[in-house]
Amino acid sequence: MNKLFLKTFSVVAILFATNVIYAQEKIKIGAPLALTGGLADEGKKQQIAYDMWLKKVNAAGGIQVGNKKMKVELITYDYQTDEKRAQSLAEKLITQDKVSFLTSPFGSGHTKVVAGVAERYGIPVVAPVASSESVFNQGYKNLFGTLAANSGIVSNMVTLFTKQYPQTKKIAILGREDVFPKAMAAEMKIYAEKAGLEIVFNELYPVGTLDHAASLSKIKAAKPDWIYVSGYTQDLVLARKQMSDLGVNAPIITMITGPAYKEFTDALGPLAEGISSATWWHHSLTYKSKDVFGSTTDFYKEFVAANKSDPDYVHASSAAALIALQMAIEKAGSIDKDKVREQLANLDVLTFYGPIKFGSNGMNQSRDLPIIQVQKGKVVVLYPDVIKQGTLQLVK
Amino acid sequence: MLQALANGLMLGGLYACIAVGFSLVWGVLNIINMMYGSLIIFAGYITYFIWYGTKLTPIVLLLPVTIAMFVFGYLLQYLVINRVVKRPVLTTLTLTFGLDMILYNFMNSFFEATPRRISLNWGSFTIADIVLPIDRLVAMALAFILTFLLYLLLRASKVGRAIVAVRMDRDAASLMGIQIPQIYAITFGLGAAMAGACGVLFAVAFPVTTNISGLLLGKAFVICVIGGLGSVPGALIGGLALGLIESFGSHWFGPQNAITIGFVLMLILLMVRPTGLLGVKGYE
Amino acid sequence: MNKSITAFLVVFISLAAMPFIADNYFVKLATFIAMYSALALSWNFIGGFTGYPSFATAAFIGLGSYAGAILQNAGINLIIAWVLASIITIIFAAFLGFAILRVKGHYFAVGSIAVVELLRLITSSWSSFTGGGDGLNVKIMEGGPDFAGRVFLYAMLAVMLLAFLTTLWVDRSKFGFGLKAIKQNEDAADMVGINVTVYKIAAFSLSAVFCGTVGAIYASWIGYIAPVDAFSIITTLKVPVMVLLGGEGTVFGPVLGALVFVLLEESVWAHFLEANQAILGLVIVFLIFFLPGGILKINYRKLLAKIQGVKGA
C-alpha cells in the first residue's frame, strides 16, 4: 500500500512540476472556459472570438506597453461547466500560471465565482457574458463587464412596442428560474407595470422543464396581447413549438434572447417568424473604431470568412472584452495590475462592438441596445433608429 | 382542465416509453442503468442526423434505430456489464455511471450540446376546445404500441418467458436450462432498444440535447418507483401517472412545483409501498 | 490499525504543511483533498460499514451550504454558523433516515438520489428564502488570499480530522460492530438483539453531519452558492467512487481514495481538455474491474503468485 501511494504521488508531483515554468516577456491572460458540459457551445464561441483577437494582436507584434510591444499569451482551461472547477482553475491561473489578467466565462453564476477569486488577488477581470446586476453588486473593484445591464433591454422594448401598437394591453410573462432569465422576467414585470400593461400571467419554470404545456394552456386562456418568454435556447425552442402545437398565439411574441442566436432560428425554421427579442449587439451595426478590427462591418466580414456563419453578441462581446483590456493596458503604459485597473475604470472608448464605458459597479453603461425581430426568415433590427432596418410586425 | 388531462396523457405515454426499458433491466438484472438517459438522447441524435441528411420521416427510422440499439445494448451487456451482474448495487450503479460519462462526453464532443430540433410541423387537431398536437399524439400512440408489443413478447414468446422466469427466480431458471448470461444480454438489449425507440419518438416532439439526459433518467426513476419494477404494465401506469401529476401539478401549483410533487410522491411511495402500484416483490 | 493511523498522519501533516512549502494553488488543492477525505469518511459510515449505498451526500452538503450561507448572511459569526449548519444537517438526516432506511439496496439508493433532486428543486423554487435560481452571495472573508487560503485549509483539515477520529472510534466500538453485523445480515443482527433501526439512523446521521459542515465551510469559501452546484449529482456519485477506490469499510481507505482521486483528476483534466469526463468514466470502469476491493484490498500475495507463476511457466 505504501509503495503504491508513494508511486502515485510522485508521478503526479512530476506532472505538476512540468506545468509551472513559463517565461515572463509575454502578457498572460487567463481564460477559464466551459469547453465541455452544459455550456460548452457558449464556451466555444468565446474561444473563437478570443482567438480572432489574439491572432490580430500578435500579428501586429503585440500590445503597445509604454515604449515596447509585448505579445499576448492566452492560457485557456476547460472548467467543464462545474462551479468548483471554475474557482479552482481561476486560482490556478493566478498562482501557477501567473496570469496578469483574467477573462470570465459565460453566465452570471460562474462569472461571480471567478470574480470572487480575482478580487482576492487584486487581478482585473473582464467579463464578456454576464449582464445581471446581481453579479456586479458585490462591490468588486476588479470586475468589468462588457454587456450592458438587463434593464436597458426591456425598457426600450416596452416603450417602442406600446407606442407602435397602443392596443397592446395584456402581457403574459414566463421566465426560467435561473439567474439571467429570471432577471429578464422580473425587469419586464417592472416596466410593463410602469407602462400600464395588465400582467395576466407571471410564472417561473424550473431548470430542466421538458414540457411547458400546462403554463402555455393557462396563457392561452388569458388571451394576452403580448407573450414574453425568457430562457436558454432549448427552452425557447420547445416553448415556441408547444405554443404552435397548442394554438397559443398573440400579436407580439418576444423571446429573450432567442433570435439573437442562430441556433434558435435554425431549429425553429418557419416557427421563428415574427419573434422579437433584444440583443447586446448585432452585426448590422455600423460602428467605426480604432481597435484591431476597425469597424463592425470588418469584424463581421472577417468572422464570416473564417467561420462561414454570422457572429452573435457572445462572439462580439468576448472580443470586445479583450479589446477593452488591451486599450487599458495601452493607456496605462504598463501591465501593472493597479494601473491597468485604474484605466479600465476610466475607460471611455468606442469599439467595433459599441461604446465601452464602465460604470462604478463595473458594468458597461446602458445604452440603446438593439431590438430585433425575425422577418421573412432574417433577423431585422427595429431599434435604435440609427441602424433601424424595419418596424415591428405583428405575428400572424 | 380537460386540456391539462390531455396534456398529461400525451406526456404520460412518452414517459411510459422512457421507463419501460429501464424498469425491465432493473427488474430482471437488478441493475440500475445510469446510461439510460444518455442512450435515449443518443438515439435521438442519430435520428436527428439521419433526418437532417435524408429528410426521411423519423417514424420510418423507428425500426432500424431500435434494432441498432438492441445490438449495442446486447454487446455492452455481454462484454462488459455481465461481469459485474452479481455485485451489489453500488458497484453496478457506479459502473454504469462511469460508462454514462464516456457516452455523454462522446456525444458532447461529436454532436455538440446545441439543441437539435426535427422540424416536422405536423400541426395539431382540436376536439371540443382541447388542442392535441399531432406529433405528441403519434408519439404517445407509438409508445403504447411498443409497450404492448414488449408485453406480448414477454408473455408469449419463448425468450420472453425465459426472461420472466429469470426475473422470478434466477437459480430455478438456471436449473431449468436457461442460459442466464444470454438472457441477461437479451434483456439489456431490449432495454437499450426501448431506449432507442423512445429516443426516436422523443426527437419527433422535443429538441434533442445532451443537457437533458440526466433529467430523463430522473423521470425513469420516479416512474419505476410509482409504477413498480420489472413490470411492463407497471411502467405504463407509472408513466401515465407521472404525466398526469406533472400536468395537473403545473396547472394548480405552478410549473415550478410540478416536478417537485413528482419526487415527493416517489419518496412517499418508497417509504410506504416500495414495490409501487403494480410491482413484484423480491427485488431490493 | 496502527498502520492506518500512521498513514493518516502522514497525509494529514503533508496537507497541513502546504502553506509553508508551496503556493496558493497547492494550498487549494490540499483543501480539496481534505474536503473530499471528510466526505469520503462520512460516506463510509453508511455505505462502507453498514452496507447501505447512500447517494444522499450532495443533499447534506447542499443543505449545509445553504444553512451556513443564510445564517452567515443574517449576521451570525462564521464558525458558529458552521456549527449550526452541521446541527441542522444532522437533524434532517435523522428524520430522513427514519423515512428511507426502511428500504434497502436499490430502493434506498434511488431514494437517496431523489432526495438530492428534491432539495435542489425546493431550493430553486423557494426564492424568497434561498434566492432561488439566482443563488446566494456570502461575504468574502477579508485578509487577502493567503490568509483566507489558510483559514479554509485548516477548517477543512479540522473536519477531516474529526471525521477520521470518529471513524476510528466507530471501527473499534460496539456500535461499529453492530453496523458491520447489519451489513453482513440484517435480519440475523436484528435477531441477536441489535436495535437495527436506531443503529442505521445513527450511522446515516453520522454520514451527514460532516457533509453539512463541509458544505457550510465551502459556501463561505467560495462566496456564492446556487442550487445546481450545491446539490450536485456528480459530487454525490464521486464520493462513493473515492471510497471504493481506496477500500470501503476500512479506516484509511476513504482518505487514500480521496487523495488518489483528486490527484488523478488534477493531472488528467489538466492535459485532456475535451475528453476529461470520458477519461474519468474510464477510470471508474477500470476501478470496478481491476480493483474491486479498492487499493487497500489488493491481494498482493495472489498478484505476486500470479506473476511468479507466469515467470515459472
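Naming: A, B, ... by sequence-line order, numbering from 1 per chain.
The structure places NZ of C:Lys28 at 13.0 Å from NZ of A:Lys92, a figure rounded to the nearest 0.5 Å. Expressed to the nearest 0.5 Å, how far CZ of A:Arg176 lies from OG of C:Ser124 amounts to 9.5 Å. Rounding to the nearest 0.5 angstrom, the gap separating the CZ atom in C:Phe147 from the CZ atom in A:Arg120 is 10.5 Å. Distance check: C:Tyr25 OH to A:Lys98 NZ gives 12.0 Å after rounding to the nearest 0.5 Å. Annotation: the span from C:Asp23 atom CG to A:Ile94 atom CD1 amounts to 11.5 Å, rounded to 0.5 Å.
By number of non-hydrogen pairs under 4.5 angstrom with chain C, the leading residue of A:Leu93, A:Asn137, A:Leu204, A:Thr95 is A:Thr95.
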Check your understanding: Where do C:Phe26 and A:Gln96 land on the side-chain contact (heavy atoms from CB on, under 4.5 Å) test, with the steps shown first?
Key -> CA-CA 9 Å; C:Phe26 285 102; A:Gln96 291 265 286; 3.4 Å; yes
Practice item. Start with the C-alpha gap between A:Lys112 and C:Ile222, add the side-chain angles, then the distance that decides, and say whether side-chain contact (heavy atoms from CB on, under 4.5 Å) holds. Key: CA-CA 10 Å; A:Lys112 257 202 236 190; C:Ile222 304 247; over 6 Å; no
Exercise for review: Tell me, with the steps shown, if C:Asn24 and A:Tyr121 meet side-chain contact (heavy atoms from CB on, under 4.5 Å).
Suggested key: CA-CA 11 Å; C:Asn24 259 340; A:Tyr121 287 91; 2.7 Å; yes
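Of the atoms belonging to A:Glu119, not a single heavy atom falls under 4.5 Å from chain C. Proximity to chain C (any heavy atom under 4.5 Å) is restricted, for A:Tyr140, to the side chain, taken from C-beta onward. With a 4.5 Å cut-off on non-hydrogen atoms, C:Thr31 does not touch chain A at all.
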